[in-house]
Amino acid sequence: MSGPGGGVRAVDADGNATFSGPAGLMWDSTGDNEIPAAGKKTAKVAAGEGTEPAQEVGSDSVDGPDLDDKSAELPVRVSEGFVSVVPDASLLQTASYPVYIDPPVGLSASKRTVVTSNGHHYWQFDNDYDEDNHRDRGRGVGRCSSQVSNGVGIMCASPAFTSRMFFSFSRSKLAGKIVQDATFRLTETWSFTCTPSWVNLYRTSGDISEGTRWPGPSTVDLLGDRKVSHGRGSACDPDQPAAAVEFNDNPDESNENLTSTVANLAKGTWSTLTVMLRANDESDPNSWKRFKNDATLQVTYFPAPGVPTGVGVQATNDPKSVTCRDSAHAVTVADPTPPVSATVQTSVQPTSSESKGSLRAGFEVQAYDATKKTWGKVWGQDVPGSGYAVDGTKESPQTSTLADGKSYRLHAQTVSHGSYGGKTQDPRSAFSGWCYFTVNSKAPKAPVIVPDAHGPYTECTANACAPGGGPGIKGAFTFQPDPVDKDVTGYRWTLTGGKPHDVTGATVTVSDITPPVAGTLLLTVEAEDLPDRYGPPKIFSFKVETPSGPVGRWQFGETSGTNAADTAADGIRHPLTLTTGSSFDTRARRGDTVGDHALAVDGKTAYAATSQPVVNTATSFTIAGWAYLTDTSRAQSIASQTDGAGTGFNLGYQPATGWVFDWHRAPAGQTAKIARSVAQVTTTPAKVWTHIAGSYDATAKTVQLFVNGRPQGTPVPVAADLTPILTSGGLQIGRGGDTATPGEYTGGLIDEVEVWNRALAADEIRLDAQLVGPDGTSATVLAGAWLADQGSGTSIADTSGYSKSAMTLNAGAALSEEGVVVFDGTAGYASAAGPVVDESASFTVTARVRLDAAAIAQKPAGYLAQIAGQQTSGESSWGLWYRLDSVAAGVPQGRWFFGRTAIDGSSRVIGSGEARSADTVDLSADPVVQVTGVYDALDDSLHLYVGEQEEIPDDQPPTFPYVQRGSGELSIGRGRAGGTWDRYLPGQVGEVRMWAGAMTRNQIITQILSICTNDCDTE
């Protein structure tokens, strides 16, 4: 809790203070410009060792403000699970840099335990309060035995035992931070004798849990040692009260590396840091000590830079004209000194109480030499030139004078400034993608855009933006040249997110500009006077009316009962009634969202139904939902609405054709006639989540099936004698057929069913298949998880909750004591039955891997070491791998990859796509790396993340525009290509996990790397 004077105070359950600290302090370097006065600096030593003589040093502002330094007090802010100080903004604006901030942020241990050699353990141990003496005794470390000292016997325990203490610290609050210093601190409450003894702090090989027993995780690295004796009070001379023991790197002892270890935690080398406190000599009775559970890590840091956003060149005087184009569609600017823009970012979004950083935007412009066919830098600048900006600040400098008629490209990076201990750091983020532009003063000026006078779309102004039309509703716009231009021959126009379109003529009316989605869109138009010479763009902003929402929506948020609520906002509500054999299942498509469930149906008699029709089937309508079939050998209906004669629609599955959407009509006494839209890919895997939708367009008189947001073939015409009519039966979920003779019961799970009384545009259905939540991100569900530290023998069970096949280890692959699978790189692999997800939909896969650098170095250049992949005939439908490019001084140099391969019906490769590391990876540090691949079906893009950083070596993420599903083996440690198993991995894999849904960077940070952001709770 916050303490007096802006400080911090910790209290126990009774409100008694157990720890307190002063307010923070911030100061600049104004006084450093003066002749330094003599000052004193006392070296840190552990209590009990005496005090070293003070050393005379110059006053350089590192250890505290000089008399002439500007300073400000920083109240300490306390939130759930963390403590922080926030810099004074006014001082930052007028400061002489470097600026210093003290104290550092404190991180409390999230988990703790004590284990003893006689079989006891104390998970999340308390401080063993002594009622008689009214004090916290703490818990023991060392050898609890007996000893005779000066003829006096001292007893701790008989029989004797040894005790060790462990603390685990989460990375959550250190993500995106560059660590400058770290101190581990806890309170010693008791020592067996008054004679100081050594206690050591180690990093351990694994984490702790309630099941941790003696001897606990093995030690990996000595972080520090202290020779101390506290807590015996007046029994010692001089008095030895309880006191804090601090472990901080001693520069004279090279084996003390707490700061570098915490820095690796912040970088993501591990998701948690577990440390062991133990006696140096565990056979010595004098080593017995007691410590409180108040262990903290005090960390001094500054934010790591992130790739800036909003990078582009301002094409005209209109600030809205900031544009970033690829090389094929370079924007034209007339100004030879065009403004460029970038918004600086920290690597991880800071919370409201965290430092927003001391940042600059680093710009670079390169010109193209047409003779040499090379690019070369012609301008660069870090902005602001003096002082610093905070996270989210837009910087917009002008370039130097650029040559008319030349081609240029721009990119930018964020620079973060930090200073501590007399050392200054200015790390830079990766560059953004390139933005291409040309300078041409002779090109046409920005044209004039005139919307149709009858609507439905009007231009947004600074004060008003009236919505009109809707997705799929066309609008007419007239393009005219600027009054000074007399030789315009055509225009190029683009609607937000769409492809460029060319039209010819000096004045042109385009009557079919059709917004694909609702919201504010930008119509960008460029005039053309000579072939391929376009002028600066004119941008017309307009708002598309949000269409009427679903008239029925069932999200199955209930936990029990026989009714599922209709949560749609429009129309009349139609709750579903569940029949025997159906229930609410926690395996919902939205994953572990609180309160979310799916409808579970047994495939025999179970279904859910409304009492009345939900949608008017005589008009346009759309039905959509998610299905998880446990058996694909028989016909099943996901949703249907029919009458007693069999007239109506059915959205479901047929073994011969895969997913289907039918409109069927059965006139009295006649055989039913069907208009059917079927899946283009008939192979449908079982036990995966798939989004299916069916749409009837009453204007076009067609039906259309969509699978995972993609239209299946062309719309199927509905014959005149099949024209849909309003059916009388209710909506059935999990059952088809007519109401008199039902059938086709679904076995598995159904979720997120929605019905609209209109035909959704294709882009709307594609967006609906992303299952976007209120926060704007797509929902993901963990579909398979194989964690090596949960394995036993040669088997690793799936812990996702979906009971996927266990991963079986084959010869050359073995579980180690550290809880990882070690692969020999020649024949070892692990495998399970796949696929885990529907790979024609968005998905995410991640693996924690450590490559064996020495073994990799022995491989030939170009060698591919596959971490994980899904088989599809003779290839891999997807794969995560490392490619060795070269070996320098015995150190492998290469890149990480996430790729996909498409095959045809004859198993021939017809296409592929790869996302790769932007830069070569140096394996000299032999790091543990979290490699994540994301396939986003919304735009067919492939994304590769190494840790929390997305790797984009080119202008845009690569794409994979194929519908490809894997079949057969899911492998770890080897890959399949050209009909052969190879690509054996030399190294270790700690986990492989897969999700249905495409994760964003923030979701990867929170769900994979277990890093908390603003909305996370902390321990």
Side-chain angles (χ1 to χ4, degrees), residues 175-177 302-315 318-326 331 338-352 354-365 380-384 388-399 409-417 427-437 496-497 519-522 524 537 539 541 772 775-778 915 918 934 936 938-939 941 943-957 998-1006 1011 1013-1014:
K177 296 173 173 61
F302 66 99
V307 178
T309 58
V311 178
V313 59
Q314 186 172 314
D318 184 356
K320 295 198 303 291
S321 67
V322 173
T323 304
C324 185
R325 299 270 187 88
D326 61 30
V331 67
V340 292
S341 292
T343 300
V344 293
Q345 302 288 342
T346 55
S347 176
V348 172
Q349 180 70 32
T351 65
S352 59
E354 286 186 315
S355 167
K356 304 302 186 291
S358 299
L359 309 176
R360 288 176 176 164
F363 293 92
E364 181 184 57
V365 170
Q381 186 175 335
D382 289 349
V383 183
Y388 296 91
V390 297
D391 176 70
T393 302
K394 181 180 179 180
E395 300 293 347
S396 300
Q398 285 187 286
T399 70
R409 63 183 186 180
L410 160 78
H411 64 178
Q413 59 185 173
T414 300
V415 186
S416 183
H417 176 79
R428 294 173 177 266
S429 73
F431 274 105
S432 65
W434 290 106
C435 302
Y436 292 82
F437 66 99
T496 301
T520 301
L521 301 182
L522 301 179
T524 301
I539 298 178
S541 174
V772 176
D775 62 352
T777 61
S778 298
V934 177
D936 190 344
L938 182 62
D939 58 3
S941 59
H943 304 264
L944 172 69
Y945 293 82
V946 179
E948 63 200 32
Q949 183 66 49
E950 182 174 10
E951 301 288 327
I952 308 179
D954 302 313
D955 299 337
Q956 301 292 332
M999 286 192 180
T1000 63
R1001 177 174 178 272
N1002 190 58
Q1003 287 172 303
I1004 289 171
I1005 289 172
T1006 57
I1011 304 170
T1013 58
N1014 299 5

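Throughout, residue positions are numbered sequentially from 1 according to the sequence presented.
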Heavy-atom closest contact (Val331 atom, Ala315 atom, distance): CG2-CB, 3.9 Å
Taking only residues two or more places apart in sequence or in another chain, which ones pass salt bridge (charged side-chain N to carboxylate O under 4.0 Å, His left out) with Asp939? none
As an exercise, state the distance from CD of Gln949 to CG of Leu944, rounded to the nearest 0.5 Å. 10.5 Å
Between SG of Cys435 and CG of Leu410, what distance do you get to the nearest 0.5 Å? 5.5 Å
Are Ser358 and Phe302 packed together at the side-chain level, in the sense that at least one heavy-atom pair is separated by less than 4.5 angstrom? no
Gln314 and Ser341 side chains, donor-acceptor separation under 3.5 Å: no
Sequence neighbours left out, what passes side chain to side chain contact (heavy atoms under 4.5 Å, CB included) with Pro338? Give chain and number order. Val313, Val333, Thr399, Leu402, Phe437
Could you tell me the separation between the CD1 atom of Ile1005 and the OG atom of Ser347, rounded to the nearest 0.5 Å? 6.5 Å
Is there a side-chain contact between Val340 and Pro397 in this structure, where contact means two heavy atoms from C-beta onward sitting under 4.5 Å apart? yes
Hey, does the side chain of Lys394 reach the backbone of Gly392 with a donor-acceptor pair shorter than 3.5 angstrom? no
With sequence neighbours excluded, residues passing side chain to side chain contact (heavy atoms under 4.5 Å, CB included) with Phe431: Glu364, His411, Gln413
Test side chain to side chain donor-acceptor pair (under 3.5 Å) applied to Thr346 - qualifying residues, sequence neighbours left out: Asp391
For Arg325, all residues meeting salt bridge (charged side-chain N to carboxylate O under 4.0 Å, His left out), sequence neighbours excluded: Glu526
Side chain to side chain donor-acceptor pair (under 3.5 Å) involving Thr1000 - partner list, sequence neighbours excluded: Gln1003
Would you say the side-chain atoms of Arg360 pair up with the backbone N or O of Tyr388, donor to acceptor, closer than 3.5 Å? no
Any donor-acceptor pair under 3.5 Å linking the side chain of Arg1001 with the backbone of Glu948? yes
Are Pro350 and Ser355 packed together at the side-chain level, in the sense that at least one heavy-atom pair is separated by less than 4.5 angstrom? no
Using the test salt bridge (charged side-chain N to carboxylate O under 4.0 Å, His left out), find all partners of Asp318 that sit at least two apart in sequence or belong to another chain. Lys320
By side chain to side chain donor-acceptor pair (under 3.5 Å) - contacts of Thr520 (at least two apart): none
Using modelled atom types only, decide if a donor and an acceptor are shared between the side chain of Ser416 and the backbone of Pro303 within a distance under 3.5 Å. yes
Write down the atom of His943, the atom of Glu950, and the distance for their closest heavy-atom approach. ND1-OE2, 2.6 Å
Which heavy atom of Ile1004 sits nearest a heavy atom of Gly947, and at what distance? CG2-O, 4.1 Å
Residues at least two apart in sequence or cross-chain that pass side chain to side chain contact (heavy atoms under 4.5 Å, CB included) with Ala430, listed by chain then number, are Val307
Who passes side chain to side chain donor-acceptor pair (under 3.5 Å) against Thr323, sequence neighbours left out? none
For Thr393, check side chain to side chain contact (heavy atoms under 4.5 Å, CB included) against everything at least two apart and list the hits. Val344, Ala389, Val390, Glu395
Heavy-atom distance under 4.5 Å between the side chains of Thr524 and Pro537, does that happen here? yes
Is the side chain of Ser432 donor-acceptor paired with the backbone N or O of Pro308 at a distance under 3.5 Å, no angle test? no
Hey, does the side chain of Thr414 reach the backbone of Gly306 with a donor-acceptor pair shorter than 3.5 angstrom? yes
